[in-house]
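Have a look at the structure below, then the notes.
A quick note: this is a predicted structure, and the numbers were derived from the prediction, not measured. Ligands are counted one by one from 1 in listed order, and the atoms in each one are counted from 1 as well.
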Amino acid sequence: MHTNALIFPTNSAAKPPAKISAVNELTINWHVTEACNYRCQYCYAKWKDYPNPRELFHDRGRTRDLLIELFRYFQPTNTSNPLREELSWKALRLNLAGGEPSILGDRLLEIVQVAREVGFQLSIISNGSRLTRSMIKELAPHLTCLGISLDSADPTTNMEIGRALKSGKLLDLQELTANVHLARKINPLLTVKINTVVNLLNAGEDLSGLIQEIRPQRWKILRMLPIIDASLAISDEEFAAFVQKHRAFQSVQCVEDNQDMCESYLMVDPFGRFFQNHPSLTGGYQYSKPILSVGAGTAFSEMAFNSTSFQSRYTGELGESHEEV
Ligand code: SF4
């Protein structure tokens, strides 16, 4: 059973104070689990098949509390949020990420329902492996954006990258395409987004056919971030050549080089802490205290956050929001 009852009122009429930047929506990326059924070589996730029992999503009460606290602090009407001194937003979106969020199965659908009740807009970024027809039917009505990570249309390349189950099963791209079109049919307002991480193994590939089939409204092209493993890193020229080769999709492309990704995402980890990436940090990430222990305001104040990068991510050449991990 789904309900859209709001715990907090939204404020679609919120007006930005003078001389600060305005964006349509602020997105909080909640990495609900580190576990994933794929094994991408460049991935920061810990490659566990099953979620850590300490991950917060297991606890229904704490999950709800976390979502309420995040919404309370980041809702557009909370003028005590210091981010409001630099940025104004009209809506708040929760992006469910991982690891792979779809491995949570029915629990993911419960989280989606609670997040909607709290007042969030919802999106998800998935590797597609568990986005079955039945899951799409459940998810699509609640999403404003469906993001799929796809690096290659070539089975050999996907296998080399690690985008396959342990059994060797690869994503069925025809089935995925059909499910994406089904999601659009169920929710005509849905934005479909593809994320592609350009790395040494796919940099020479032409993904035009796949992109034409799926017809995403956004195609985010990210340069592999060599925080954890630099073995698949590519040069400036290789990245530029990949982008150039796909210039026919310029109207939907959103290109992110490494420096664009630093301190420009609002991210919450599976244990309910803000975290942030920066190449100068040992291990690549900085973590706040748990949000439920100290409150979102105190935890957020511990984080480096570059609102200029963040805002430029939101107000890029497409003129609307097109972000998240
Ligand atoms: S699909 Fe995503 S989370 Fe899973 S291993 Fe690959 S990059 Fe990591």
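- Of all atoms in ligand 1, listed by their number and element, those nearer than 4.0 Å to a heavy atom of Asn127 are 1 (S).
- Near Gly99, the atoms of ligand 1 lying under 4.0 angstrom from a non-hydrogen atom of the residue are 3 (S).
- Checked against salt bridge (Lys or Arg N to Asp or Glu O under 4.0 Å), Glu110 has the following partners two or more places apart in sequence or in another chain: Arg60, Arg107.
- With ring centers used as reference points, Phe271 lies 6.0 Å or more from Tyr287.
- Within the listing of ligand 1, atoms 1 (S), 5 (S), 6 (Fe), 7 (S) sit less than 4.0 angstrom from a heavy atom of Cys40.
- Residues Leu165 and Leu131 share a hydrophobic cluster, clusters being chains of Ile/Leu/Val/Met/Phe/Trp/Tyr side chains in contact below 4.5 Å.
- Val294 and Leu266 are members of different hydrophobic clusters when ILVMFWY side chains are connected at heavy-atom separations under 4.5 Å.
- Close contacts between ligand 1 and Cys43 involve ligand atoms 3 (S), 5 (S), 7 (S), 8 (Fe) [criterion: under 4.0 Å to a heavy atom].
- Contacts between Cys36 and ligand 1 below 4.0 angstrom, taking non-hydrogen atoms only, involve the side chain exclusively.
- With salt bridges taken as basic N to acidic carboxylate O contacts below 4.0 Å, none links Asp206 and Lys245.
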